[in-house]
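Have a look at the structure below, then the notes.
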Amino acid sequence: MDGTVNHGSGLYLTTDVKAGKTGFLRGQNPSFTATSAYAFIVPKDNGVIDIYYWLFTPFNEGKKVPILGEIGDHVGDWERMTVRTVNGIATQVDYHAHSDHGSGTIPWIHVVKFDNNQRPVGYVAKGSHGFWATAGTFTYVDAVVFKLQDLTSDGGVSWDIRDSLINFAYPDTFSGSHNWLNYKGYWGNIGQTNCWWYNIHKECEIVTGPDGPYRPDVLGSAKSFPLVTPPSKNVMIGPLS
């Protein structure tokens with residue numbers, strides 16, 4: 001992947017979605033299988049350090065919509081939650097889901113925590129990959145005639161990623177055994193456009209897979225941005241936003 005022209009920019013990693021649903025696209029249970037999570041540590045101005053926790057999921061299961069069928073399947077996804085610290089003290093957490101959705105930025109005092117209230121909990125939606133701040137049902141598409149919603153709960157698989165983390169000081173490129181992170185193409189199939197409702201809602205059963213952490217719009221030097229004090233739907237902006 002790292003050897004492709006321009007790091008694979010414009011390419012798609014294509015697979016047979018229907019066949020993969022019952023096979024490797026189901027992913028692995030981290031309770032039984034060693035699985036990695038990735039932390040990107042980004043120092044900024046005024047004592048601020050943002051820590052971006054990225055997870056890779058092999059498949060996003062779409063939502064079943066009456067009459068239309070299933071909408072939003074896609075292969076591969078990178079999703080994140082971000083902890084901001086100021087002078088070594090955690091101040092807020094940002095939860096991201098489905099591009100610009102998710103719970104947004106939450107002050108540390110309101111964050112669900114574990115490990116003696118030292119570390120935040122991220123809820124990953126059922127069949128999906130989106131990070132949310134709490135258990136519940138969350139609408140990320142409201143198309144008037146139908147809604148797409150993520151469901152989270154306290155009864156799912158619990159994964160403490162501390163011993164699974166691979167840490168990076170945020171670079172412009174990755175090297176060695178992690179040079180595959182330099183891939184700038186899409187991590188899944190190109191999306192369909194031939195469903196009859198496409199002119200109403202621009203998603204068919206299969207949508208385009210996402211790009212990964214190495215994105216043209218997020219590379220470069222770390223930037224400084226104002227802190228968010230009240231709960232906000234505005235996500236943190238920066239090198240890995």
Side-chain angles (χ1 to χ4, degrees), residues 21-22 24-40 50-66 70-85 89-142 146-167 210 228-236 240-241:
K21 277 186 177 183
T22 56
F24 70 94
L25 290 181
R26 291 182 61 84
Q28 299 171 325
N29 186 330
S31 300
F32 307 109
T33 305
T35 306
S36 295
Y38 302 86
F40 297 86
D50 285 345
I51 307 171
Y52 295 79
Y53 296 96
W54 285 81
L55 299 182
F56 176 76
T57 54
F59 185 68
N60 177 79
E61 186 175 38
K63 311 303 181 185
K64 292 187 181 348
V65 176
E70 192 159 284
I71 293 179
D73 285 354
H74 64 77
V75 176
D77 212 333
W78 287 91
E79 200 56 274
R80 71 185 185 273
M81 60 183 287
T82 308
V83 176
R84 170 161 289 181
T85 66
I89 305 298
T91 60
Q92 57 207 58
V93 180
D94 184 75
Y95 300 85
H96 203 261
H98 307 293
S99 297
D100 294 326
H101 301 276
S103 298
T105 302
I106 309 294
W108 183 256
I109 193 172
H110 299 307
V111 169
V112 178
K113 309 176 193 71
F114 74 113
D115 195 9
N116 294 318
N117 285 326
Q118 297 182 81
R119 294 192 285 152
V121 174
Y123 290 82
V124 179
K126 179 182 179 181
S128 176
H129 57 276
F131 273 112
W132 301 90
T134 61
T137 300
F138 306 95
T139 299
Y140 61 92
V141 171
D142 188 345
F146 67 87
K147 295 181 180 181
L148 302 183
Q149 297 178 315
D150 270 353
L151 174 65
T152 65
S153 74
D154 288 306
V157 173
S158 177
W159 181 23
D160 183 347
I161 67 171
R162 180 171 55 187
D163 295 330
S164 303
L165 279 175
I166 298 175
N167 298 309
V228 177
T229 48
S232 171
K233 290 295 289 184
N234 296 322
V235 299
M236 295 179 188
L240 282 174
S241 295

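As the structure is a computational prediction, the values presented were derived from the model and not from experiment.
- From Thr85, atom OG1 reaches atom CG of Asp50 across 7.5 Å, with rounding to the nearest 0.5 Å.
- Residues that satisfy the side chain to side chain contact (heavy atoms under 4.5 Å, CB included) test with Asp163, not counting sequence neighbours, are absent from this structure.
- Side-chain atoms of Thr152 come within 3.5 Å of backbone atoms of Gly136 as a donor-acceptor pair (strictly under, hydrogens ignored).
- Surrounding NZ of Lys113 are more than 12 heavy atoms belonging to other residues, nucleotides or ligands, all under 6.0 Å away.
- If you take CZ on Phe56 and CG on Asp77, they are separated by 8.0 Å, rounding to the nearest 0.5 Å.
- To the nearest 0.5 Å, atom CD of residue Glu79 and atom CG of residue Leu55 are 9.0 Å apart.
- Counting only heavy atoms from C-beta outward, the side chains of Glu61 and Phe59 approach each other to under 4.5 Å.
- Applying the side chain to side chain contact (heavy atoms under 4.5 Å, CB included) rule to Pro120 yields the partners Met81, Val83, Val93, Tyr95, Trp108, Val111; only residues at least two apart in sequence or on another chain are considered.
- Checked against side-chain hydrogen bond (donor to acceptor under 3.5 Å, both in side chains), Asn116 has no partners two or more places apart in sequence or in another chain.
- A search for ring pair (Phe, Tyr, Trp, His ring centres under 6.0 Å) contacts involving His74 returns His129, not counting sequence neighbours.
- Contact of the Ser103 side chain with the Tyr123 side chain is not registered, since no non-hydrogen atoms from C-beta on lie closer than 4.5 Å.
- Of all heavy-atom pairs spanning Ser153 and Ala135, the tightest one is CA-CB, 3.7 Å.
- Here the closest non-hydrogen pair linking Gly76 and Pro210 is O-CD, 2.8 Å.
- For Thr137, the side chain to side chain contact (heavy atoms under 4.5 Å, CB included) partners at least two apart in sequence or on another chain are Gln149, Leu151.
- Shown are Val141, Leu148, Asn60; of these, the side chain to side chain contact (heavy atoms under 4.5 Å, CB included) with His98 is made only by Asn60.
- The line from NZ of Lys63 to OG of Ser128 is 4.5 Å long, rounded to the nearest 0.5 Å.
- Taking all atoms of both residues into account, the shortest heavy-atom contact from Ser31 to Ser158 is OG-O, 4.0 Å.
- Considering only residues two or more places apart in sequence or on other chains, Phe138 meets the ring pair (Phe, Tyr, Trp, His ring centres under 6.0 Å) condition with Trp132.
- Listed by chain and number, the residues in a side-chain hydrogen bond (donor to acceptor under 3.5 Å, both in side chains) with Lys64 are Glu70 (sequence neighbours excluded).
- Under the 4.5 Å side-chain criterion, counting only non-hydrogen atoms from C-beta, Phe40 is not in contact with Ile51.
- Closest approach of Pro107 and Thr105 over heavy atoms only: CD-O, 4.1 Å.
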> Going through the distances and angles, do Ser164 and Trp159 end up as a side chain to side chain contact (heavy atoms under 4.5 Å, CB included)?
Replying inline: CA-CA 9 Å; Ser164 303; Trp159 181 23; 3.4 Å; yes
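- With hydrogens and angles disregarded, a donor-acceptor distance shorter than 3.5 Å links the side chain of Thr35 to the backbone of Thr33.
- If you take CD1 on Ile106 and CD on Gln92, they are separated by 10.0 Å, rounding to the nearest 0.5 Å.
- Residue Arg80 comes nearest to Phe131 through the heavy atom pair O-CD1, 3.2 Å, listed as atom of the first residue, atom of the second, then distance.
- The side-chain hydrogen bond (donor to acceptor under 3.5 Å, both in side chains) test applied to Asp73 returns Lys21, not counting sequence neighbours.
- For the atom pair His96 NE2 and Trp78 CH2, the distance stands at 15.0 Å (nearest 0.5 Å).
- Residues forming a side chain to side chain contact (heavy atoms under 4.5 Å, CB included) with Ser36 (at least two apart in sequence, or on another chain): Tyr38, Ile166.
- Here Asp115 pairs with Arg119 under the side-chain hydrogen bond (donor to acceptor under 3.5 Å, both in side chains) rule; sequence neighbours left out.
- For the pair Ile71/Phe146, a side-chain contact is recorded, criterion being any heavy-atom separation below 4.5 Å from C-beta on.
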